[in-house]
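A short worksheet on the structure shown next.
Convention: sequence-line order gives letters A, B, ...; per-chain numbering from 1. As the structure is a computational prediction, the values presented were derived from the model and not from experiment.
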2 protein chains.
Amino acid sequence: MRDVAKLAGVSHQTVSRVINDHPNVRAETRERVLAAMRSLNYRRNLAARTLATRESRTLGIIGFETTLFGPESMLYGIESAARAAGYLVSVATVRELAHRPVLEAVDRLAQHDVDGIIAIAPKPAVTTALTHAPNGLTCVAVGGAGSGSDPFPTVRVDNAAGARIATQHLLDLGHTTVHHAAGPPDWPEAQARVDGWRETLYAAGAVVPAIRPGWWDAAAGYEQGRRMAADPQVTAVFCANDRIALGVLRALHEAGRRVPEEVSVVGFDDMPDSGYFLPPLTTVHQDFGELGRRALALLLHHMARVDGDAPPSNVVVAPEVVLRSSTAPHRLFARG
Amino acid sequence: MRDVAKLAGVSHQTVSRVINDHPNVRAETRERVLAAMRSLNYRRNLAARTLATRESRTLGIIGFETTLFGPESMLYGIESAARAAGYLVSVATVRELAHRPVLEAVDRLAQHDVDGIIAIAPKPAVTTALTHAPNGLTCVAVGGAGSGSDPFPTVRVDNAAGARIATQHLLDLGHTTVHHAAGPPDWPEAQARVDGWRETLYAAGAVVPAIRPGWWDAAAGYEQGRRMAADPQVTAVFCANDRIALGVLRALHEAGRRVPEEVSVVGFDDMPDSGYFLPPLTTVHQDFGELGRRALALLLHHMARVDGDAPPSNVVVAPEVVLRSSTAPHRLFARG
DNA sequence: GGACACGTTGAGAACGGTAACACTCACGAA
DNA sequence: TTCGTGAGTGTTACCGTTCTCAACGTGTCC
């Protein structure tokens, strides 16, 4: 910077003003400085800037160290939006969604002077840990069920609504009731899907079958699918996500129960290849990229208003059902 | 830091020495400083340190803004290894694997003073762009085919070997030849798989069927699968990845060609749920987590030896075939 | 014509560390 | 005794920005 100042025949302060678009610089001077910057290929040193301003133009993301589809796709949404806003994104992953690892992740990010944090927070342990973030560090949580009483801004998909439309879709096809291949019971998102499913059955006066929770993967879905395949009463299954649905489809196939002729199956997520399952999966679409962008927008918004204690806003994104070939009218219904 | 020094009754320099584990500090003094640090809850300011040392303890990753399975899983491997080594990881994604976007990504990371870069570089454009990285910025490329003449260290899976074992596996089952559902032609990894497949057929004296390249997803696989399903000569298909295999499986199923009884199918990647396809997919396993860890180790290694111009090492990881239910002996072979 | 506001610029002090060097002191060898 | 040596510590400069404040025109108003 000193060299630029010398070449342009001004003080380093004036150079700084040009860099930061200060209004009070004569057009001609600005031009001279810009020319000098170009000719010296000058690049402002961010570390020095951070030291002086306590602002690093870096954002932190706390992620979960597992290849779940959602979290991964969000990263891109967040990163490209952050780039557009002039921020770099740093990632800290936790091996386990517990209090202590999350605190450590926050700490790691804070040490590197991030200006704000987006935490992928599918479980409450993450949110509570975030409460202990250093003062002045803005946090946004994305995911989870959203109790409405969260201490900070939140972005999430309306899981219950997604479950409702999925279940209702199956009821509308004439199925007397809908079984549910549930996700892990200690994940609020899984619980919200259970709730939406159950509500819809209640409202329709349908029997509510028992659920046996599992994990988010195809192996768990396969287990559940085997049980369901053995029960001839089962004609419609709503799965907590697409991977579970994949396992359910395999189990049904192995048991000789045809989808969708005998059993209808609906998933959740709409992963890129769900349209190529056997049969192509009807599912509830979540726009994770959009979720990431919204989370970033919310974070920047809250970072900006340092003055007022604006109430933590909560953004809820509505999912929608994608119709493919894994659902069909109930056989009795069709006949009758 | 000044406060700590005052409280401990030493100079700030001594505090600095304690932080950096300098040997020449009396044990008692060190203890006093540590106590002061604890009582003041002191945290060293990384921006200041970066400014003084030009070392940020941050690593950059250049990724591809698309939900391809491999790149995503690597991120976790890299991040957790980086954490163990005391580094934070920053991510810069590119929308397109072209020269310019990659240069911009490098630039963004350089501006934030990263100490080194791992680039997920499946296409040569990335590697060549990396050549223009600022001097002194160590880069490691992971992925691609590895020409052996790369200007910097490289980590990759031996794609040709993977293709060979997959193809050989099918030949060993008695198939007279093996068809290939290829990936994008301008991706060296896809090309290496083509090469491995072709070599193996040559060596066995088998006919080499024509290939029609596509993209990496199930939709492309479905297209290719439809063509193959229509050709009764096709009894064995080696797919460039699991997602393509998923599309091929669907196409074969729709055409009424049973897998594996009539047609055998092999994938590549071994995604988490490939074992739950219909039928469970025999595939070539790539350990992406390991790949990420290796890339990081290589990067740190090259960052350390600033002195000598060590030749760029190239790490090649061997893939292995995972046998499941999508392959079976050729029907004629079995009969005869 | 002098007081005053305002646009423009510069000098110097932060910001919080590390690097280089000087200094003190105890110890052992010449 | 005298000097060199090395461990332990303090002093000062420096990393590259931004911030604060003062200074300098220049035009405007009374």
*asked:* Given 3.5 Å as the limit, does a donor-acceptor pair link the side chain of B:E55 with the main chain of B:T50, or not?
replied: no

*5'-most by nearest nucleotide on DNA chain D - A:R2 or A:T53*: A:R2

*Calculate the interatomic distance between B:R44 atom CZ and C:dT18 atom C1'; express it in whole Å.*
10 Å

Between the protein and nucleotides 21-26 of chain D, which nitrogen or oxygen pairs are less than 3.5 angstrom apart?
none

_Identified side chain to side chain contact (heavy atoms under 4.5 Å, CB included) counterpart of A:F288 within the set A:I78, A:L75, A:D269, A:V142_ = A:D269

*So, B:T58 and A:H112: side-chain donor and acceptor under 3.5 Å apart, yes or no?*
yes

*asked:* Which residues in residues 18-26 of chain B have a heavy atom closer than 4.0 Å to any atom of DNA chain D?
replied: B:P23, B:N24, B:V25, B:R26

*Residue among B:M1, B:R2, B:R44 satisfying side chain to side chain contact (heavy atoms under 4.5 Å, CB included) with B:V15*: B:M1

*Do the side chain of A:H302 and the main chain of A:L298 share a donor and acceptor less than 3.5 angstrom apart?*
yes

_Counting only side-chain nitrogens and oxygens, does A:R49 get under 4.0 Å of the OP1 or OP2 atom of C:dC15?_
no

*Checking all strands, does A:R43 fall into the base, sugar-phosphate, or nothing category for heavy-atom contacts under 4.0 angstrom?*
sugar-phosphate

*What's the CG-C1' distance between A:L51 and D:dG16, to the nearest Å?*
9 Å

*Sub-3.5 Å donor-acceptor pair from the side chain of A:N24 to the main-chain atoms of A:H22, do we have one?*
no

*Rounded to the Å, how far apart are B:M37 CE and C:dG16 C1'?*
14 Å

_Distance, rounded to the nearest Å, where B:R30 contributes CZ and D:dA7 contributes C1'_ = 13 Å

*Does D:dG16 have OP1 or OP2 sitting under 4.0 Å from an N or O in the side chain of B:R54?*
yes

Identify the pairs formed between an N or O of the protein and an N or O of nucleotides 12-14 of chain C at a distance under 3.5 Å, and give each distance.
{"from": "C:dG12", "atom 1": "O6", "to": "A:H12", "atom 2": "NE2", "distance (Å)": "3.4"}

*In plain terms, say whether A:E104 and A:R108 are close enough for a salt bridge, that is, a side-chain N and a carboxylate O under 4.0 Å apart.*
no

*asked:* Closer than 3.5 angstrom, by distance alone: can the side chain of B:S56 be matched with the main-chain N or O of B:D113 as a donor-acceptor pair?
replied: yes

*asked:* Please classify the nucleic acid contact of A:V10 as base, sugar-phosphate, or nothing, using heavy-atom distances under 4.0 Å.
replied: sugar-phosphate

_Less than 4.0 angstrom between a side-chain N/O of B:T14 and OP1 or OP2 of D:dG10, yes or no?_
yes

_Rounded to whole Å, please give me the gap between CG in A:L46 and P in D:dG16._
13 Å

*asked:* Without decimals, in angstroms, what is the distance between B:D113 CG and D:dG16 C1'?
replied: 11 Å

_Tell me if a side-chain donor or acceptor on B:D115 pairs with a main-chain N or O of B:L59 at a distance below 3.5 Å._
no

_Can you tell whether the side chains of B:R95 and A:E79 come within less than 4.0 Å, N to carboxylate O?_
no

*Euclidean distance, atom NE2 of residue B:H112 to atom C1' of D:dG16 [Å, nearest integer]*: 16 Å

_Is A:S16 close enough to D:dC19 that one of its side-chain N or O atoms is under 4.0 Å from OP1 or OP2 there?_
no

*Please check if the side chain of B:T131 supplies one atom and the backbone of B:T127 the other of a donor-acceptor pair under 3.5 Å.*
yes

*With sugar-phosphate meaning primed atoms plus P, OP1 and OP2, does B:T29 contact a base, only sugar-phosphate, or nothing at under 4.0 Å between heavy atoms?*
sugar-phosphate

_Can you classify the ring geometry of A:W187 versus A:F64 as parallel (below 30°), tilted (30 to 60°) or perpendicular (above 60°)?_
tilted

